[in-house]
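Presented below is the structure to which this report refers.
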Amino acid sequence: MTTPARNPAAERPAVKSHLAQVFAQYPMEIAHGEGVWLYARDGRKILDFYGGHAVAGLGYGHSRWLAALERQARQMSFQTNALPIAVRERAAARLVKFTGLGLDTVFFINSGAEANENALKLAFKITGRTQAVALEQGWHGRTAACGAVTWGAIEKWYGFPRTPFDVSFTPRDDPGALPRHIDRNTAAVIVEPVQGVGGAFDVGKPMLEALRRRCDEVGALLIFDEVQCGMGRTGAPFGANYYGVTPDMITSAKALGNGFPVSALMLSRRVAREIKYDDMGTTFGGGPLACAAVEAVIDAIESESLLANVRQVSTYIRAHCVIGPVTGVQGAGFLLGLKTSRPAKEVQSALLEKNILTGTSADPRVLRLLPAYILNEGHVDQLCDALSKIPA
Ligand SMILES: Cc1ncc(COP(=O)(O)O)c(C=O)c1O
């Protein structure tokens with residue numbers, strides 16, 4: 001989770017809030033959004049490079065997405081998975097085609113953690129093994145299983161008396177270390193091809209290829225957690241496409257529904273062959289509104305050439321944003337980390353004063369950008385201009 005710029009305690013409203021106080025709060029209240037712009041109650045217009053934490057891939061109020069949700073809500077707002085509905089089949093077929101990797105079985109659920117939880121469970125069930133491997137600095141969610149494979153969770157917030165399985169963490173940039181961690185006890189390796197919370201860190205093709213090879217050698221299943229980096233954010237459908245490495249399972253959420261809660265677990269044929277009735281289940285997952293949102297997101301990405309836009313504008317950011325306190329850029333597409341010469345939180349605060357919203361990360365010297373795929377070069381010019389006025 002990214003941390004806002006200011007001390008949350010100081011920002012708490014005078015009126016008692018009945019919400020659990022577990023999130024640090026940005027110092028503004030958003031009234032509405034349009035495209036890449038946020039409009040605050042106090043009248044400020046803020047350029048959003050944070051995208052609701054990587055969710056608002058199409059930006060706010062996208063007409064195709066709005067129309068699809070309205071149409072679906074009128075036609076059939078909810079129906080259980082036990083009753084076939086066309087929009088669910090269409091969304092799954094659309095996602096499989098968009099992904100284009102031969103992972104042609106889809107299970108819809110509601111959140112990133114739920115998708116990862118199911119992926120891990122299947123890996124343990126299928127292999128009959130007892131251990132998972134994850135990467136240092138990786139982030140996979142807040143449930144018992146996802147927290148177990150999230151770097152630093154046990155020390156920071158885990159809370160459960162024990163993890164449900166053994167976990168070994170391997171360095172994120174050392175293919176040579178893999179044989180020490182991944183062996184015939186390993187059910188699954190879970191990895192974000194581009195780490196989000198870890199600082200928009202590009203794990204990279206050689207490391208992903210080494211993971212694929214090692215998993216094949218020992219019979220472990222490879223899971224790409226693409227909750228943050230997938231669904232177009234790299235400028236390719238998924239990180240798997242971007243790097244040319246195909247895992248056994250991909251999890252997707254965040255931009256998948258552009259704000260309507262939905263996640264997906266995509267399975268290779270090898271994995272799909274092993275599942276049977278009742279292995280997984282959900283009430284809300286695969287609901288008609290969620291599926292209509294998925295269809296609309298893919299429609300918009302394809303018909304508006306948004307992947308090409310992500311690639312082009314990402315290149316522009318790399319070329320122009322190393323300015324002021326920014327010393328370099330890492331990551332891929334629209335999951336970028338601006339490396340900063342001073343604490344990223346200070347740069348984030350200074351940008352917010354200039355009405356530009358960005359994210360931070362677990363790396364105190366990385367400012368994270370997660371903008372909507374409709375961002376253009378003019379918006380980047382505004383960011384560069386603001387950065388150039390912040391002392392290095
Ligand atoms: C890579 C990654 N995986 C999983 C999750 C968990 O997703 P959710 O909060 O939807 O459960 C996140 C959330 O930030 C994430 O970035």
Side-chain angles (χ1 to χ4, degrees), residues 1-4 20 22-24 50-57 107-121 123 132 134-153 156-159 167 169 172 188-203 208 211 222-234 238-240 242-243 247 249-266 282 284-285 287 290 293-294 297 331-337 359-363 366 368-371:
M1 239 339 118
T2 196
T3 312
V22 291
F23 296 103
Y50 183 53
H53 202 61
V55 169
F107 180 59
F108 285 118
I109 42 279
N110 310 287
S111 68
E114 210 181 339
N116 287 336
E117 186 93 6
N118 278 286
L120 289 163
K121 184 179 81 172
L135 265 58
E136 293 177 0
Q137 284 85 32
W139 174 279
H140 302 290
R142 296 267 180 181
T143 58
C146 296
V149 290
T150 289
W151 176 250
K156 286 190 200 137
W157 49 258
Y158 191 65
V167 183
F169 287 95
R172 63 186 181 178
V189 178
I190 185 163
V191 53
E192 300 160 83
V194 186
Q195 290 186 335
V197 175
F201 179 85
D202 177 0
V203 168
L208 295 173
L211 283 167
L222 182 59
I223 302 166
F224 278 5
D225 174 350
E226 301 226 25
V227 165
Q228 187 161 151
C229 71
M231 215 47 212
R233 190 154 290 281
T234 58
F238 283 88
Y242 185 84
Y243 296 107
M249 298 184 241
I250 293 179
T251 57
S252 173
K254 293 198 188 279
L256 179 64
N258 191 47
F260 196 96
V262 55
S263 65
L265 168 58
M266 285 176 271
T282 171
F284 292 120
V294 171
V297 166
F334 275 180
L335 174 43
L336 290 178
T360 53
S361 74
D363 185 331
V366 170
R368 198 164 22 146
L369 305 183
L370 309 152

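All values below were derived from every heavy atom in this structure, side-chain atoms included, with hydrogens, water molecules and symmetry-related copies excluded. In listed order, ligands and their atoms are each counted from 1.
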Item to check | Any donor-acceptor pair under 3.5 Å from Arg172 side chain to Glu136 backbone | outcome: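 Looks like no, no N/O pair under 3.5 Å.
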
Checklist entry - Does Val197 come within less than 4.0 Å of ligand 1, judged by its heavy atoms? => result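 Not so, Val197 does not reach ligand 1.
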
Checklist entry - Should Glu114 be listed as contacting ligand 1, given a heavy-atom distance under 4.0 Å as the test? => result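 So Glu114 does not count as touching ligand 1.
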
Item to check | Side chain, backbone, both or neither: the part of Glu192 lying under 4.0 Å from ligand 1 by heavy atom | outcome: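 It is the side chain that gets close, since no backbone atom is under 4.0 Å.
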
Checklist entry - Under 4.0 Å from ligand 1, counting heavy atoms only, is it the side chain of His53, its backbone, both or neither? => result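 Within the 4.0 Å criterion, His53 contacts ligand 1 through side-chain atoms alone.
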
Would you be so kind as to tabulate the donor-acceptor pairs closer than 3.5 Å made by side chains of residues 144-151, with sequence neighbours excluded?
from   : atom 1 : to     : atom 2 : distance (Å)
Thr150 : OG1    : His140 : N      : 2.8
Thr150 : OG1    : Cys146 : O      : 2.9

Ligand 1 atoms in contact with [X] (distance to a heavy atom under 4.0 Å):
X: Ser111; result: 10 (O), 11 (O)
X: Val227; result: 2 (C), 3 (N), 4 (C), 5 (C), 7 (O), 12 (C), 15 (C)
X: Asn116; result: 3 (N), 4 (C)
X: Ala113; result: 6 (C), 7 (O), 8 (P), 11 (O)

[X] [atom1] to [Y] [atom2] distance, which is reported to the nearest 0.5 Å:
X: Phe201; Y: Leu135; atom1: CZ; atom2: CG; answer: 9.0 Å
X: Ile223; Y: Asn116; atom1: CD1; atom2: CG; answer: 7.5 Å
X: Phe224; Y: Leu208; atom1: CZ; atom2: CG; answer: 4.5 Å
X: Met266; Y: Phe108; atom1: CE; atom2: CZ; answer: 8.5 Å

Ignoring angles and geometry beyond distance, decide whether [X] reaches within less than 3.5 Å of ligand 1 through its nitrogen or oxygen atoms.
X: Gly141; answer: no
X: Gln228; answer: yes
X: Gly112; answer: yes

Item to check | Side-chain touch Val203/Glu192, heavy atoms, less than 4.5 angstrom | outcome: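 Not in contact.
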
Item to check | For Thr143, side chain to side chain donor-acceptor pair (under 3.5 Å) partners two or more places apart | outcome: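 Once residues adjacent in sequence are excluded, the partners of Thr143 under the side chain to side chain donor-acceptor pair (under 3.5 Å) criterion are Glu117.
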
